[in-house]
Undergrad: 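Input: one structure, supplied below.
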Amino acid sequence: MNGGDGGGGGGGGEVSGVGPPPSPLDWKFSQVFGERAAGEEVQEVDIISAIEFDKTGDHLATGDRGGRVVLFERTDTKDHGVNRRDMERMDYPISRHPEFRYKTEFQSHEPEFDYLKSLEIEEKINKIRWCQTANSALFLLSTNDKTIKFWKVQEKKVKKIADMNADSSKSPGSVPSSGFPTSSKPYLVNGGYPDKLPNSMNDESFPPGGITSLRLPVVTSQETSLVARCRRVYAHAHDYHINSISNNSDGETFISADDLRINLWNLEISNQSFNIVDVKPQNMEDLTEVITSAEFHPSHCNTLAYSSSKGSIRLIDLRQSALCDSHAKLFEEQEAPGSRSFFTEIIASISDIKFAKDGRHILSRDYMSLKLWDINMDSGPVATFQVHEYLRPKLCDLYENDSIFDKFECCLSGDGQRVATGSYSNLFRVFGCAPGSTEATTLEASKNPMRRQVQTPTRPSRSSLSSITRVVRRGSESPGVDSNGNTFDFTTKLLHLAWHPSENSIACAAANSLYMYYA
């Protein structure tokens, strides 16, 4: 089933077809980190290039083009002195929303140069993936174009020691600053020496209670600081740029994918990987498609999916063979006859895929739309959502300025009832994918997210898309204007966003700023 700007159907995530669809969410601004002032120039190295929540939703990581990883932690779930049992006894629902604070940051990657290929390897973080926590330490994988790193972030107690006082004026006969005695006379262990050694502890030269002016080193305070340590480096396994990394549900292995190959790694072994998918032809002139994204199934450790530049998704089973070039299932949508144009293949390329939490559905993002697939139904997507249909008449301009090659990410809500993805002018869209849902919200990455709402009926009929068609046509008549009459800006694009795993909260990146919203 295809829907227009408000379209989509067939179920998503863990939604059953019983009962009315959930009502559209009312999104509100929560927080912003790294907000820039009006007219402030954004440094290239500060632009966010990856966002990822951990499985609990209590931590959030971002990576930027400068090779840094910044970690945020949730603060609203801390008890603040209230007994947990007392909180559980409360009858009323807690109406707070996720709030985060800056936790720490570290330099994950540095710029490198490949002398054999005369190729500069930039430090930009392409992907971040959280691993299982252990002993209150956080573990995560980060990758640039060529090298994957495994990081451990842990709180360390740093002891502060009070120094020994070396004030010679207060302690007669104390050791001078050089640390060596100036005389060959015998001296006491505590630093002072009298004319004659004391015969007993009651001697007047050694007062009762010791010499008060001498201070021995003591621990004055213990400060906790977060230390990020690189545990392993997985390098020299990819000839082409890494576009994806994904953890396996077994907690022991992960995959990394570039344009032509997918490698399987063990987290404990950094000098060996297994090539499980290789689409490189013997003659590179025969190359027709490349791998664009890959992800493990959330619960089946033997299953993974990868997408291609031709708009197809392949599901493979690691139990079938060591080299999984032959897929178990192929998902692709047949193009309508007579609809082919110069741009058809370019805009069909899938930039991102995500499994729903239940593992039953896969969400894919191509240049113009979001598609929801049921892994038990390979005849076509169960729902299609048009993200920015008003740009279709502008494809030629988008090709000229290379915007048509932008890679937008997508995400699903934890309950599988909604999907989200970004667009231009720092806009992002949220669609309802439950049966019968017509939710299609447009939000702007700013402190007033609802400012750019597309004026479409709240519940348009699926069968009659005349109102949507009129909106699209109106947007296409004047250059640089979207369906609501707002000018769109190809330079401000919202490529990266993530949905909280258990709550209706979205984190998205607009240049160097991290915006967070809740509903």
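Sequential numbering from 1 along the given sequence is applied to the chain's residues. Predicted model only: the values in this text are computed from it and were never measured.
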Undergrad: Salt bridge or not between R101 and E73? Use side-chain N to carboxylate O under 4.0 Å.
TA: yes
Undergrad: Go through the structure and list residues passing side-chain contact (heavy atoms from CB on, under 4.5 Å) with Q107, not counting sequence neighbours.
TA: R68, E110
Undergrad: What pairs of donor and acceptor atoms, side-chain ones from residues 122-129 against any protein atom, are under 3.5 angstrom apart with sequence neighbours left out?
TA:
| from | atom 1 | to | atom 2 | distance (Å) |
| --- | --- | --- | --- | --- |
| N126 | ND2 | N144 | O | 3.4 |
| N126 | ND2 | D145 | OD1 | 2.8 |
| N126 | ND2 | I242 | O | 3.0 |
| K127 | NZ | E409 | OE2 | 3.3 |
| R129 | NE | I245 | O | 3.2 |
| R129 | NH1 | E52 | OE1 | 3.0 |

Undergrad: Taking ring pair (Phe, Tyr, Trp, His ring centres under 6.0 Å) as the test, write out the residues that go with H241, two or more places apart.
TA: none
Undergrad: Tell me whether E112 is salt-bridged to K146, with the criterion being a basic N under 4.0 Å from an acidic carboxylate O.
TA: no
Undergrad: Mind checking what makes ring pair (Phe, Tyr, Trp, His ring centres under 6.0 Å) contact with F428, not counting sequence neighbours?
TA: Y517
Undergrad: Check ring pair (Phe, Tyr, Trp, His ring centres under 6.0 Å) between F33 and all other residues, then give those that pass, not counting sequence neighbours.
TA: F72
Undergrad: Please identify which of these residues, R314, K280, K310, meets the salt bridge (charged side-chain N to carboxylate O under 4.0 Å, His left out) condition with E289.
TA: R314
Undergrad: Just grab all the salt bridge (charged side-chain N to carboxylate O under 4.0 Å, His left out) pairs involving residues 19-33, residues at least two apart or on different chains.
TA: D26-K28
Undergrad: Would L370 and F431 satisfy side-chain contact (heavy atoms from CB on, under 4.5 Å), going step by step from the backbone distance to the final call?
TA: CA-CA 9 Å; L370 276 173; F431 300 97; 3.9 Å; yes
Undergrad: Applying salt bridge (charged side-chain N to carboxylate O under 4.0 Å, His left out), can you list everything that pairs with E252, at least two apart in sequence or on another chain?
TA: none
Undergrad: Taking salt bridge (charged side-chain N to carboxylate O under 4.0 Å, His left out) as the test, write out the residues that go with E503, two or more places apart.
TA: R74
Undergrad: Name each donor-acceptor pair under 3.5 Å that joins a side chain in residues 254-262 to protein atoms two or more places apart or in another chain, with its distance.
TA:
| from | atom 1 | to | atom 2 | distance (Å) |
| --- | --- | --- | --- | --- |
| S256 | OG | H238 | NE2 | 2.7 |
| S256 | OG | W265 | NE1 | 2.8 |
| D258 | OD1 | L260 | N | 2.9 |
| D258 | OD1 | R261 | N | 2.6 |
| D258 | OD2 | H238 | ND1 | 2.9 |
| R261 | NE | D278 | OD2 | 3.2 |

Undergrad: Are K493 and D406 within salt-bridge range, i.e. N to O under 4.0 Å?
TA: yes
Undergrad: Listed by chain and number, what are the ring pair (Phe, Tyr, Trp, His ring centres under 6.0 Å) partners of W373, not counting sequence neighbours?
TA: none
Undergrad: Not counting sequence neighbours, which residues clear salt bridge (charged side-chain N to carboxylate O under 4.0 Å, His left out) with E99? List them please.
TA: none
Undergrad: Not counting sequence neighbours, which residues clear salt bridge (charged side-chain N to carboxylate O under 4.0 Å, His left out) with K156? List them please.
TA: none
